[in-house]
Amino acid sequence: MKNTSFHDGERHIQVLTGEDRIANRNSRFIRETLVAGSERMLGMATSLNISVSDVEANVWSFVAIGAPGLIRRLDDKTAFLDRKVMTAPDALWPLLEPGAGIGLVAMDLTSARRFRINGKIGEVTGDGISVHVSQTCPNCPKYIQQRLPVREHAYADVTFAQGTALDQAATDLIKRSDTFFVASRSADGDHDASHRGGMPGFVTIEGNTLTVPDYFGNSMFMTLGNFCQNPAAGLTFVDFESGAQLNLTGRVSIAFDDATAHDGSGGRFWTFDVTNWRYVPFRPTPAWHLQAYSQFNPTALSVK
């Protein structure tokens with residue numbers, strides 16, 4: 001009997017990797033509502049990855065950072081994003097249209113907690129955005145680097161840039177990053193937001209192509225399952241020190257030559273080909289400084 005918590009793309013990757021039993025076991029955490037316990041988890045969140053699409057069906061990821069309370073549970077089917085306490089790129093706001101699909105992952109950078117919400121955008125006002133919830137799921141703390149808030153921080157001067165071919169500043173940011181955020185969309189138009197982390201250099205880059213090792217997670221493959229159905233994707237890299245955010249949109253290919261390799265040493269990767277990018281100033285208050293790398297991080301591959 002099929003597990004109805006997953007669509008065909010997710011089930012395909014689960015079977016390909018031999019992790020379908022683990023996925024079925026973990027599916028008990030998936031809900032169609034915001035259960036009462038989610039209120040506490042959301043109340044701790046200090047960052048959001050937001051997955052949305054533009055009018056040309058490009059998928060984008062944007063990161064918003066703010067004080068606890070930037071996302072709240074209003075009731076068991078509604079979440080609220082508080083614009084008054086959020087710092088996010090300007091390009092995000094025009095894409096938040098009522099009725100559009102949205103994916104969210106709320107994270108607490110200090111404790112490595114995260115919580116996933118997928119749904120549709122409801123009311124959009126100057127104060128915030130309501131989200132009609134269709135699916136929720138708590139996620140494990142793997143590969144989240146611990147960052148602590150710092151009130152006094154001197155950001156660098158960051159100049160806005162955009163294009164199709166990645167420039168040197170964008171390439172350098174990707175090469176030194178220990179974290180990025182990913183957005184995807186299923187064949188049915190449902191959006192999902194997620195996170196990836198590792199030691200600096202875990203994402204390799206050659207030209208406009210990024211290669212990402214697939215580390216072991218919860219085996220549900222919500223992101224890669226969407227990629228199976230729809231290769232459109234968005235990635236965000238944040239330079240927490242200089243105060244910059246790099247938003248990328250493009251297309252994904254999955255390469256699982258060795259479906260059992262979890263540490264990046266075998267042929268279990270996905271690649272992302274950039275079609276458009278924006279490099280924007282991003283200076284949240286407080287700033288977030290690296291305290292410790294995740295204990296789950298494998299040794300990074302050599303940077304290309």
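Keep in mind it's a predicted model, so treat the numbers as computed, not measured.
Counting heavy-atom neighbours within 6.0 Å of Arg40 CZ, excluding the residue itself, gives a total of 12 or less.
With Leu34 as the partner, the side chain to side chain contact (heavy atoms under 4.5 Å, CB included) test is satisfied by one option alone out of Val131, Leu42, Thr78, Leu74: Leu42.
Panel note: side chain Asn24, backbone Asp20; a donor-acceptor pair is recorded below 3.5 Å. No donor-acceptor pair under 3.5 Å is formed between the side chain of Lys77 and the backbone N or O of His132. Between the Ser134 side chain and the Asn118 main chain, a donor and an acceptor come within less than 3.5 Å of each other. For the pair Ser294 (side chain) and Tyr143 (backbone), a donor-acceptor distance under 3.5 Å is present. Listed for the Gln145 side chain is a donor-acceptor partner under 3.5 Å among the backbone atoms of Gly198.
Residue pairs satisfying the ring-ring contact (aromatic ring centres under 6.0 Å, His included) criterion with at least one member in residues 222-258, sequence neighbours excluded, are listed as follows: Phe180-Phe237, Phe227-Trp270.
Nearest heavy-atom pair, Asn208 versus Ala165, reported as atom, atom and distance to 0.1 Å: OD1-CA, 3.5 Å. The minimum heavy-atom distance linking His153 with Glu241 is given by the pair NE2-O, 2.7 Å.
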Considering only distance and modelled atom types, tabulate donor-acceptor pairs under 3.5 Å from the side chains of residues 121-130, sequence neighbours left out.
from   : atom 1 : to     : atom 2 : distance (Å)
Thr125 : OG1    : Asp127 : N      : 3.1
Thr125 : OG1    : Gly128 : N      : 3.3
Thr125 : OG1    : Gly128 : O      : 3.3
Ser130 : OG     : Glu123 : N      : 2.8

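Contact of the Val238 side chain with the Gln245 side chain is registered, since non-hydrogen atoms from C-beta on lie closer than 4.5 Å.
In this view, Phe272 satisfies the ring pair (Phe, Tyr, Trp, His ring centres under 6.0 Å) rule with no residue, not counting sequence neighbours.
Using modelled atom types and a 3.5 Å distance limit, the side chains of His7 and Asn226 yield a donor-acceptor pair.
Taking the six-membered ring where tryptophan is involved, the planes of Trp60 and Phe62 are essentially parallel, since the angle between them stays under 30° and well short of 60°.
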